[in-house]
Every structure is written in structure tokens, then in C-alpha cells.
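Shown next, in C-alpha cells, is the structure this report addresses.
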Amino acid sequence: MKLNLVASALVAAGLVFTVPAFAAEPPAAAKGNQPSDHEIKLIKVTPEYWRVVLDHPPFNIFGPETIPQLNAVITALETDPKVRVVVFESAVPGFFLTHYDFVPPLSDSTSIPNGATGLPALPDMLVRLSKAPVVSIVKVRGRATGVGSELSLASDMRFASREKALFSQWEIGAALVPGGGPMARLPRLMGRGRALEVVLTGDDINGDLAERYGYVNRSLPDAQLDAFVDAMARRIARFDKQSLADIKKLVNENSLPPDKEIQEGWDGFIESVKRPAGQKNVKALMDEGLQVKPDVEVRLPYYTGKLDPVP
Amino acid sequence: MKLNLVASALVAAGLVFTVPAFAAEPPAAAKGNQPSDHEIKLIKVTPEYWRVVLDHPPFNIFGPETIPQLNAVITALETDPKVRVVVFESAVPGFFLTHYDFVPPLSDSTSIPNGATGLPALPDMLVRLSKAPVVSIVKVRGRATGVGSELSLASDMRFASREKALFSQWEIGAALVPGGGPMARLPRLMGRGRALEVVLTGDDINGDLAERYGYVNRSLPDAQLDAFVDAMARRIARFDKQSLADIKKLVNENSLPPDKEIQEGWDGFIESVKRPAGQKNVKALMDEGLQVKPDVEVRLPYYTGKLDPVP
Amino acid sequence: MKLNLVASALVAAGLVFTVPAFAAEPPAAAKGNQPSDHEIKLIKVTPEYWRVVLDHPPFNIFGPETIPQLNAVITALETDPKVRVVVFESAVPGFFLTHYDFVPPLSDSTSIPNGATGLPALPDMLVRLSKAPVVSIVKVRGRATGVGSELSLASDMRFASREKALFSQWEIGAALVPGGGPMARLPRLMGRGRALEVVLTGDDINGDLAERYGYVNRSLPDAQLDAFVDAMARRIARFDKQSLADIKKLVNENSLPPDKEIQEGWDGFIESVKRPAGQKNVKALMDEGLQVKPDVEVRLPYYTGKLDPVP
């Protein structure tokens, strides 16, 4: 049996990483990230206040199987007549949500059609979340890398654990261009210089720095984070849904990137996956233990920083 | 006699809140906010350096009678050949400038024609202040809510008392959309996430947080605020009026919202005033003592947060 | 012999400051800023990681002779197939890079043709640096005033010494409009209010405040600055040049000012140089010892703040 490692399950057909070392048996990597139908749990605290729990241990890796689950949540947020506010959070210690799954066969992903915006499925969902007539809040503990950072950036507000949150767009370390919109969203939040630092160093930004940079609204002491976000959500849940939606729409008009920029970012990602440097670096990281060894997932910038230089 | 409480004196004719409890005698609420011809005082410290003092105790509520007074000041700033810099400040302890007056009859406001920009009178004045060939600075002590926040945001620079300043766009708590431009101005100052927090929670932002969010240039210890702003104003007052105006115009080109966004925000406000949720919440707040009881004005987010949830 | 002092060596022909006091002998001012062929040194730490050292003692004043030297560096950055990252730094204690040289005859500057972008030579180089397919970092110790601030703003990232960095756009103090783009770049980094403070007060912004305002990515303790920037540069130097360039280009798309705004700023500068207020203030500063006396260069805002008020 051959294992097809793809740099992303969303890439064009034919982009296959062949990893002979893994060919004899089911990949060890896959054990670390068993797909599940319940990676994303929706909890209706009240009809007006929902929680979305990301629960895909051990690393909260986002894979092709996660897409329809997240899509169902976002569609519900778009159409439910009652919901005012949703809080995204993780049930997995150490990880809010991290990078895309490099293990599943390509066909698991390319079979997912483009979304309502005309964008590919992942950026489509993020764009729709930003435009939904409901207030979205992420509460970040642990690593928010890649898709985790991009989901955060697509949400309306971000609150982080001062001690436990880590944000990064790690992709450049794998010789990849991020695909979920950070080049479009980060400069509008924190200015060009800090945005370039995030996407060109691929390094971690902790809770304190994330607040200073404007990556998050605020970082709070971990012990206060839950109560703070819950109180804010309950406050918003009492308010007029129509006025909330109207206010958000007016803010969106001048603060969201045009879909065109999101598409261009996605195209850049696809191009980068095709290049030899991306294929080589992803394979090297898998060889190091990405998706299997906790230390590689936990200290991801360390491992991307010690790969062989790209010639 | 019937008392017509209007959610705003600027709303379209026919939007009337009838409050039977207040019908037998002059409204108690009105006692708290007696209109005056001298709510806005202009002091020429020198021909180049002016101060505008907001002096409408006990709460510095902004009403229809305030509009021509503020308009006279802004027209003077637009046309005076000498003035370089103006500082806005309050003479009322605890309040910089707060929300619109909900008491006066509608005709007091609808009789005010649109301004030079073609926008309604209040947003017209704010837009003209931003574009005036003079440097405007707000020095904020106490509550800057609603119109008070919007005047601050329309000014060129904002300096706040670390201990005594409070900023808010409280309107969502009354089921209203803010009318004076914060959806257009806040994201350009502090990014989408923090702007959404301000306008979707309607909660207070104190001096420290206002600085961290970029709501103000800086917050200073209250004891240093006057000397700091005065020194800055005196410095600017020595400079070349033409170069000051040219520099400001070039900054405005990329940092001011188009008038269209201001108009859309105003339209959203008018729509929200017409909706039952807005009418119900404003009445409920008046019943609680808005415009009369100091505690309601001082702790406004507490009172908006305990209104009955909007169904 | 007549000494032609020009407010900028790039101004249109015919704008001449005649300073009779200096007519009898070579100007003392010129002694402070002897042009050199080696004001800008390029050091290739590795083929992927370059350093550019600004070395024009005693004040790192930028003159017409500096333009071709900087242009050679920027052209190399645009075209070299290997370089990923460049760090700009100063070899002159107390000065990163400061204002334009007011001493040389006009013809030294007007003989420099417009650059590849069609903009005049100085803003052309800055615009090209922002768009170059290489990551540019400034490491700021000492005064970054005028051109020094503008070079910083045109770079991709800015890191400052907490104790030793000073940023300013001092021009308004000389009754001039800044010519190198800060009205276009600053509001996009720090919002309109803080940008207006920088360009309308002409005052110094130290390392701490520069970080709080977003003028720089971060300010670091001086003792840590070199190691921090070097580690970041070495990290980036290992990454894929194509992906770095693609990511930067996508960020640039929404975060760089259009060239039109840069041209308008330059035009505003030229107009201001022609006005009597600018000519008078520059002469007064030269009389005080600008370009000669260290105290005038070190405490520039103090000296601009005590000039006679512009009538």
C-alpha cells in the first residue's frame, strides 16, 4: 500500500507526496489524528448563545473531514433566527486549532465543492463566518496555528489566555504560502509591519504580544478568561439581533478584505504546494514527527527553523 | 399635556414615544437637562489657540439646542484665518459629553436643515470638524458616550485621563444603531475586532484600555493631562497654518471614511429608532431614571445590561 | 563665494537660500556633514542575509550624494537571486539616519533623474524598497528623523532600542511638509489620530511610545536588540525566497499606499519649501547650529519649538 501525503487535502489533483518509509503499514502519523464525526461540537447554552467546541485530540488538527462539520455550524449561524452570539473554544489541552492534516488522500478534499461565495470550501467558510449576522468570539487557549489562526482572524473578536495562547502562521517554515486569508486580514488588524513579521517569520506570538500587536482584542489571565468571555457573550445575547447585525454589517463594509484577496491568497497557497521546496519541507517535517510527536506540534517554530535552508 | 419622548431629536417625524406616566406635568427628566444657550463656550486662549468648553450640567447631554452652538464653533474653526489648534474639554465633573437628549419634542430637531456636506446636522458637523484646516484635540475626563465618543472620534487627536475617562458607544444596549459614525471611524483606528467589541457590547472602555485599543492617542495620569495637552497645543499654535492644513489634508485622504459610510450609519440609526425594540428599550431606560438619576448616567452599561432581553 | 542653502537638494531649480553670514568662507555647517562615497556600506553576512550600514558621521545626515549609494543597494536587493533579508542599521552613535542636508548646492540634487516608478529619486527608492522581493528590517538606535523615519516606514519591519531610539517627522517645525511619504504610511500603521500627532507636532517618539503607537513592531532593551534582529534575519534567510516574495506581495496589495499619495506628499513638500515660512525657519535653524552643533541635532524638537511663531 502506498501512502499519499498531501501538503493539503485541498490541493489540485496529482500533487502527491510519496513517503516510502510509511508504505508498509498504516501511517503512524494517522494514528495521531483519527478523523471523527464529532470534532466540532455545537452546544446551545441558550437559543441566543451558542458554543462551538473544537474537540479533535490530541492536536486539534483540521482535516478534510472537519470541513463539513464546520460548514454545518456556520450554516446554522447564518440561518438560525434566534442566535446572537457564538463562542469558539477548544476541548483539547494545549491546542486551540492547528494546521491542516497532511495525511489523508487527496480525494477526500478535492471532492468538496466550492462554497456559496464561490471560494474553495475552507476560505468560503471563513468568509461566511465574518459576514454572518451573528457575533463570533474565539476564546483561545493553546496553539492557534494555520487554520486555527485563520479561524480566529475570520471571527469578530478574539480573546486569549495570557499564559496559554500561541498564535502563528507557520506556513513559510514549510515553504508554503498561507491559504486561509492572513495576508488579507492581518494588515488590517495590526498594520503592515507586524503582519509581515507574523507571516514572514512563521514564529509564535504569545498572549501578551498578541494583545500588543492587536492580533487579539485582549489577553487575559487564564483564570479569568472563561468568566470574561461568558459574561460578554451573555450580555450580547440579550441585545437586539437586527441591530447587532446592522452594526456588524456597517463595520464589515470598511474592515473586511474583498473576496478577491482571499482567492489570491488561496491561489498562492496552491502554487506553493506545487513547488519542490514545499514538498520537501513538508516531508522533512513529517519525518521529524509532525502530527505524531507532541514536541513537534508544540514547538513547531523550532522545528521549521532547523530544517535545511531552502536553496 | 402629552410628552413626546423621542429616541432622538433627529428622527423622522411621527416617531413618538408616549409616556403616560409623565403626561400630567412637565417631565422630571427634563429638569436634569435644561437646555441653555451657553452649553458650548469658546475661549480664545490666543488667536492661534482656542478652547471649546462643554458645559451643560449635570450630565453634558447633547440635545437639539446644542447643534447650532456646536455648528457656530465649527464654522469659526473652518473660516478663521489665525486659529491653528482647538482643544475640546468639559466643565462638568464626571462627563465629557454623553448621549443625545431623549426628552425634547421632535420638532426642535427636525427643523434643523442638513449641513454643508449634505449630511444631517449632527454627522455633518463631525465630518466638517475632521476636514477643517485646524488641529482638533479632545481632552477627555469623565464619560464620553454616544455623541461624546463620536465627537472624540471625529477630532484629530484624543488624550484621556487614565483615572477618569470612559468611552462607550452604548447604543446597542438601547437596541439602537449608533448614528454619529463609529462603525466608519473605529475600525480605521483600532482594527475590526476591537471596533466590533466597542459597538456590539456597548460597554465602557476606560482610559488604560482606550490607549491599548488605540481609541485614544494616549491616556495620561489625570494630574498631568492638562499640562500635557496645553503644551502640545501651544507648540502647534506656533507652526505654519498652511503646512499644518496641507499635512492634515494628506493624512485625511487615506484615513477618513467616505461620507457615504457616515450616511449609511445615520440611516441605520434612523431605522433602529423606528423598530419596537428601540422604542421599548429607550422607554425602559427613561423609566429607570435616564437623564435624571446620576447613577443611571454614570453606570450606563450596567443599566443597559439588565434590561429585559430583546425577544 | 555665495553659499546656496536649499531646504532640500531635490527642490525645483531657483529655490535658493542666501545666507550672507556664510558668504565669506566655506560654511561651517558643511564641515559637519562631509559627503562621502562610503556613507552606505553593504555587508553580505551570507548570500541570503545582508546588512546595510549607515555610516556618515557625525549625524548621519542624508544628502544628494547619498541617493546613488542607497539606490545601488536597493537595486541589488531587487535583482539579486539569493538575498532573502536585509537589515538596515547605523554605525553612528546617537543617529540612525536624520534629515536631509540643507547645505549642498541645488544642482547636486536636481541632476538626479526620477526613478523607475516615475517618482522623484528619494520617494522612488523608498517605494521600491517596500515592493522589493526581499524582507527588509530596520534596527533603530538613535535618532530616526525625517529621511530616517521615512526609510524605516518604507521597510517591512522596524525594531527599536527601548533606551536609544527616537523617531520623528520634524518637518512641521521647520514649516515644511514631509516629503518621503509619512502622511501616506503612518495612518496605515497606527491610525489617523496617532499619525496626525506625529506629523503635526513634529515631536520625538521614543522607543516605548513607538511600540505602543505601532510606529515599530517592537522596542527591545538595547542589550537584546542585536541578537534579536540577527536571529530573526537568520531564520528568514533559511526560508523559500519565492514564498517569501509571494507572501509579501499579497500583504503589500492591501497595506501599501498608492504611488499617487506618495507623489502628492512630495508635491506638498516642494510647495512648502517655496513658502517664506519654510525658508525663514530653515535659515533660523541653520543660524542656531543645525548640522553643526550636536545639541541642535540631538534635541531637534526643542529647537523647532522655540523658533519665532509663524505669523
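Bear in mind that the values here come from a model prediction, so they are computed numbers and not experimental data. Lettering of chains follows the sequences in order, A, B, ..., and the numbering in each one begins at 1.
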task = Over all heavy atoms of both residues, which pair between Pro178(A) and Ile247(C) is shortest? Give the atoms and the distance, please.
result = CD-CD1, 3.7 Å

query = Where along residues 150-163 of chain A does a heavy atom come under 4.5 Å of chain C, listed by residue number?
reply = none

Contacting region of Arg235(C) [heavy-atom separation from chain A under 4.5 Å] = side chain

task = Report yes if the side chains of Arg238(C) and Asp308(A) come closer than 4.5 Å at any heavy-atom pair, otherwise no.
result = no

ask   = So which part of Ala277(A) gets closer than 4.5 Å to some heavy atom of chain C, the side chain, the backbone, both or neither?
value = side chain

query = Side chain, backbone, both or neither: which part of Val135(C) has a heavy atom under 4.5 Å from chain A?
reply = side chain

message = Are the side chains of Glu261(A) and Leu250(C) in contact, using a 4.5 Å heavy-atom criterion?
response = no

query = Looking at Met232(C), Lys241(C), Glu211(C), which makes the most heavy-atom pairs under 4.5 Å with chain A?
reply = Glu211(C)

Contacting moiety of Arg212(A), where chain C heavy atoms sit under 4.5 Å = side chain

inquiry  = Please classify the contact of Leu307(A) with chain C as side chain, backbone, both or neither, using a heavy-atom distance under 4.5 Å.
reply    = backbone

key: Contact class of Val85(C) relative to chain A, heavy atoms under 4.5 angstrom   = neither

query = What is the distance from atom CG of Leu244(C) to atom CD1 of Ile172(A), rounded to the nearest 0.5 Å?
reply = 4.0 Å

query = Do you know which of Pro309(A), Pro311(A), Gly268(A), Gly265(A) has the most heavy-atom pairs under 4.5 Å to chain C?
reply = Pro309(A)

key: Contact class of Asp203(A) relative to chain C, heavy atoms under 4.5 angstrom   = both

inquiry  = Taking the side chain as everything from C-beta on, heavy atoms only, tell me whether Gln242(C) gets closer than 4.5 Å to Ser272(A).
reply    = no

message = Any heavy-atom pair between the side chains of Asn254(C) and Met183(A) that's under 4.5 Å?
response = no

message = Looking at every heavy atom in both Arg275(A) and Asp246(C), which two are closest together, and how far apart are they?
response = NH1-OD2, 3.4 Å

ask   = At what distance, to the nearest 0.5 angstrom, does CG of Asn217(C) lie from CG of Leu209(A)?
value = 9.5 Å

Part of Pro257(A) lying under 4.5 Å from any heavy atom of chain C = neither

Chain A contact via Arg234(C) - which portion, at a heavy-atom distance below 4.5 Å = neither

note = So CD of Glu197(A) and CD1 of Ile137(C): to nearest 0.5 Å the spacing works out to 8.5 Å

inquiry  = Using side-chain heavy atoms (C-beta onward) and a distance below 4.5 Å, is Leu196(A) in contact with Lys248(C)?
reply    = yes

inquiry  = How long is the straight-line distance from OG of Ser255(C) back to CZ of Arg188(A), given to the nearest 0.5 Å?
reply    = 9.0 Å

Carboxylate-amine/guanidinium proximity below 4.0 Å for Lys260(A) and Glu253(C) = yes

request  = Output the distance between atom CD (Glu171(A)) and atom OG (Ser243(C)), rounded to the nearest 0.5 Å.
outcome  = 10.5 Å

key: Largest heavy-atom contact set with chain A, pairs under 4.5 Å, which of Arg185(C), Lys249(C), Arg84(C)   = Arg84(C)

message = Would you say that Leu200(A) contacts Phe239(C) through its side chain, given a criterion of any heavy-atom pair below 4.5 Å between the two side chains?
response = no

When Lys82(C), Glu48(C), Met190(C), Arg218(C) are compared by non-hydrogen pairs under 4.5 Å with chain A, the top option = Arg218(C)

